[in-house]
Amino acid sequence: MITKLDSVLLPKKKFIYHYKNMRWAKGRHETYLCFVVKRRVGPDSLTFDFGHLRNRNGCHVEILFLRYIGALCPGLWGDGGPEERRLSYSITWFCSWSPCVNCSMKLSQFLSKTPNLRLRIFVSRLYFCDLEDSMEREGLRMLKRIGVHITVMKYKDYFYCWQTFVARNTSIFKAWDGLHQNSVRLTRKLSRILQPCETEDLRDAFRLLGL
DNA sequence: ATTTTCAAT
């Protein structure tokens, strides 16, 4: 179903406030998760669903999403019949913060039991990833290992979200100051987190270069 | 230079 009522769309101000990828995102004590669920119902046939969630009552938004996933993804666990045919799903979500370590663990556990579900995560900001040995960093690597694609949002992703999840009344997405620079900085940071520099590889590279 | 973080009050 592509048509959605305005009430399920995010207000513009809310989207900008919570997704702004500024370095010090003071006061963002909420996290938003905009999702697109793509369901393969036949060899050449897909259906879509989309919406957004935010954390509530101390429950992180990723865990909330897992709670709703049964409703969003009928047939994910099979249809209960003798053949147990499982529908294939791919979910893309755009989160204002990257997941905490606990959510990363819960997600990894979940995904390890649903090989018919592919998940792509876009994040606007990195949550508690400043310290080299932060557990949140470890959580992101865990997700990567289990096959989740994690990417920092770029202009095109904000543009897409604006078009898809925001009650924009035909207004066009307007980038805030520093969007691009912040995105580049966070992308570098995430790639350093996901591909920690391995000295063995470096030595090989140097050897190859004859250094 | 330093600032924040899915609150708690």
Side-chain angles (χ1 to χ4, degrees), chain A residues 8-37 50-72 91-111 117 119-144 146 148-155 157-158 160-162 164-167 175-194 196:
Chain A
V8 304
L9 296 175
L10 269 167
K12 287 192 269 193
K13 276 197 295 188
K14 198 159 263 190
F15 176 79
I16 296 288
Y17 180 73
H18 284 286
Y19 278 86
K20 218 171 199 177
N21 62 358
M22 65 223 283
R23 191 162 172 79
W24 284 285
K26 201 170 183 174
R28 271 65 174 184
H29 296 297
E30 287 179 329
T31 298
Y32 282 79
L33 188 161
C34 295
F35 62 87
V36 177
V37 175
F50 67 93
H52 73 267
L53 292 171
R54 58 158 254 226
N55 61 304
R56 283 182 191 281
N57 315 324
C59 183
H60 282 193
V61 72
E62 294 89 341
I63 305 304
L64 219 52
F65 188 89
L66 286 185
R67 256 184 225 172
Y68 293 140
I69 207 165
L72 284 166
I91 294 176
T92 301
W93 81 40
F94 302 86
C95 222
S96 52
W97 286 113
S98 63
C100 76
V101 62
N102 181 50
C103 289
S104 292
M105 275 169 31
K106 294 274 164 57
L107 272 172
S108 300
Q109 280 171 4
F110 185 89
L111 292 169
L117 170 59
L119 178 62
R120 264 197 311 175
I121 298 181
F122 288 87
V123 301
S124 191
R125 298 180 303 267
L126 296 172
Y127 185 72
F128 280 112
C129 283
D130 282 351
L131 297 177
E132 204 65 46
D133 59 351
S134 93
M135 291 308 285
E136 270 62 32
R137 288 183 176 224
E138 200 52 59
L140 296 179
R141 286 191 282 268
M142 193 189 316
L143 285 171
K144 186 194 173 185
I146 206 154
V148 179
H149 285 91
I150 313 170
T151 316
V152 169
M153 289 174 74
K154 299 172 174 39
Y155 177 85
D157 305 310
Y158 293 110
Y160 173 79
C161 283
W162 185 262
T164 309
F165 304 107
V166 176
W176 48 83
D177 284 348
L179 181 153
H180 179 67
Q181 294 91 319
N182 289 333
S183 175
V184 168
R185 176 177 56 79
L186 289 167
T187 297
R188 284 206 198 102
K189 186 168 176 174
L190 179 60
S191 83
R192 279 199 303 270
I193 291 170
L194 296 180

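Lettering of chains follows the sequences in order, A, B, ..., and the numbering in each one begins at 1.
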- Item | Outermost nucleotides of DNA chain B that come under 4.0 Å of a non-hydrogen atom of chain A | B:dT3 to B:dA7
- Could you tell me if the ring centre of A:His18 sits under 6.0 Å from that of A:Tyr32? yes
- Candidate list A:Phe35, A:Phe94, A:Phe165, test ring pair (Phe, Tyr, Trp, His ring centres under 6.0 Å), partner A:Phe122, passing option: A:Phe94
- Quick one: label A:Ser98 by what it contacts on the DNA or RNA (base, sugar-phosphate, nothing), any heavy atom closer than 4.0 Å. base
- How would you label the contact of A:Glu62 with the nucleic acid (heavy atoms, under 4.0 Å): base, sugar-phosphate, or nothing? base
- Message: To the nearest 0.5 Å, what is the distance between CZ on A:Arg28 and CE on A:Met22?
- Response: 4.5 Å
- Message: If you define the side chain from C-beta out and look only at heavy atoms, does anything of A:Ile91 sit under 4.5 Å from A:Phe65?
- Response: yes
- Task: Assign A:Arg54 to base, sugar-phosphate, or nothing according to its heavy-atom contacts below 4.0 angstrom with the strands shown.
- Result: nothing
- Distance between the P atoms of B:dT2 and B:dC6, in whole angstroms? 23 Å
- Item | Where A:Tyr17 and A:Gly27 come nearest, the two heavy atoms and their spacing | OH-O, 3.3 Å
- Determine the interatomic distance between P on B:dT5 and the same-named atom on B:dA1; round to the nearest Å. 22 Å
- Message: Treating A:Ser134 as the side-chain partner and A:Phe128 as the backbone partner, does any N or O pair qualify as donor plus acceptor under 3.5 Å?
- Response: yes
